*Asks:* 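I'd like to ask some things about the structure below.
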Amino acid sequence: MRDKLKDFFAVQFEEELIEEIIETGELKFYREGELMMDVGDQINFVPFLLRGVFKILSEDETGGEIAMYFLERGDTCACAFINSLHNPQKSRIRAIAEIDSEVILVSLKNFDEWMVKYKSFRHYVIESYSIRLREMIDAIDTLAFMKMDERLLKYLHDRAQVLRDTMLNITHQEIAYDLNTSRVVVSRLLKQLENLGKIKLNRNRIEVLDL
DNA sequence: ACATTAAGTGATT
DNA sequence: AATCACTTAATGT
């Protein structure tokens, strides 16, 4: 745990802070597909991602979903910050492990203390928050301005990038859920992209060619 | 061989 | 771009 922490966070964190994190943080392992938090959950911790990828999505009243962005190693969850500033609040988002992942869960109480006590921590949090905000804006104009075919290609690229693999094991239906559209539409657009030579299609698998 | 699940397609709105 | 209704293909038992 100490090594992993140092790998991704220690460059910026003081020794003393690292020790505190190790002492009080809870190391947790999430298997692929496992939920870290769901819409409506009471959140009383802030996660720091040591290894793996989480998909963050929002849900509407009727169960429709929209994938917003991915969390990678070294990231932390912006939505959890909000919970740390106010009193424990309900989660607006769902976080699912895309691959086997490891996180350190830090209690809100410690999080609060460290914000005051450590400059490095404060900076990390603010920096991380602003990165997340930019991603959010990016997600909004993807939704507002891009057509489905562009959104689909962006989705495939993003995914290939965070998973560091151009071979994506995913079904058309799953993509449809993430983009909040129908499977038929995804199938058709994927076929188009294949004809354009941008991807290669197989059952349960999509290879991204033009990265 | 049969059932199940994933993907492809034409027609309609 | 969504939906329906149907076909075809791949995969599991």
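Lettering of chains follows the sequences in order, A, B, ..., and the numbering in each one begins at 1. All values derive from a computational prediction rather than experimental measurement. For the numbers below, each heavy atom of this structure counts, side chains included, while hydrogens, waters and symmetry mates do not.
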*Asks:* Let me know the distance between CG of Leu190(A) and P of dA1(C), rounded to the nearest Å.
*Replies:* 13 Å
*Asks:* Tell me the interatomic distance from Asp149(A), atom CG, to dA2(C), atom C1', rounded to whole angstroms.
*Replies:* 16 Å
*Asks:* I need the CG-P distance between Asn169(A) and dT11(C), as an integer number of Å.
*Replies:* 13 Å
*Asks:* Let me know the distance between CZ of Arg183(A) and P of dT5(B), rounded to the nearest Å.
*Replies:* 14 Å
*Asks:* Write down the distance between CG (Asn202(A)) and P (dG8(B)), rounded to a whole number of angstrom.
*Replies:* 10 Å
*Asks:* Let me know, please, whether Asn204(A) or Val184(A) comes out on the 5' side of the other along DNA chain C by nearest nucleotide.
*Replies:* Val184(A)
*Asks:* For Glu14(A) and Ser120(A), test the side chains for any donor-to-acceptor distance below 3.5 angstrom and give the result as yes or no.
*Replies:* yes
*Asks:* Given atom CG of Leu189(A) and atom P of dT3(C), what is their separation to the nearest angstrom?
*Replies:* 14 Å
*Asks:* Closest approach to the side chain of His172(A), judged atom by atom: which nucleotide of dA1(C), dT3(C), dA7(B) is it?
*Replies:* dA7(B)
*Asks:* A quick test of your reading: do over 12 heavy atoms of other residues, nucleotides or ligands sit less than 6.0 Å from NZ of Lys28(A)?
*Replies:* no
*Asks:* In whole angstrom, give the distance that lies between atom CD1 of Ile175(A) and atom C1' of dG8(B).
*Replies:* 15 Å
*Asks:* May I ask you to check whether Tyr118(A) and Glu20(A) show a side-chain donor-acceptor distance below 3.5 Å?
*Replies:* yes
*Asks:* Between Arg188(A) and Arg205(A), who's closer to the 5' end of DNA chain B by nearest nucleotide?
*Replies:* Arg205(A)
*Asks:* With no angle test and no hydrogens, is the base of dT11(C) tied to the side chain of Arg203(A) by a donor-acceptor pair under 3.5 Å?
*Replies:* no
*Asks:* Below the 4.0 Å mark, does dA2(C) have OP1 or OP2 next to a side-chain nitrogen or oxygen of Thr181(A)?
*Replies:* yes
*Asks:* So what does Thr171(A) hit on the nucleic acid, given a heavy-atom distance under 4.0 Å: a base, only sugar-phosphate, or nothing?
*Replies:* sugar-phosphate
*Asks:* Do Tyr155(A) and Arg159(A) have side-chain atoms, one donor and one acceptor, less than 3.5 Å apart?
*Replies:* yes
*Asks:* Using a distance-only test with no angle check, is there a side-chain donor-acceptor pair under 3.5 angstrom linking Ser128(A) and Arg132(A)?
*Replies:* no
*Asks:* Rounded to the nearest angstrom, tell me the gap between atom NZ in Lys191(A) and atom P in dT9(B).
*Replies:* 6 Å
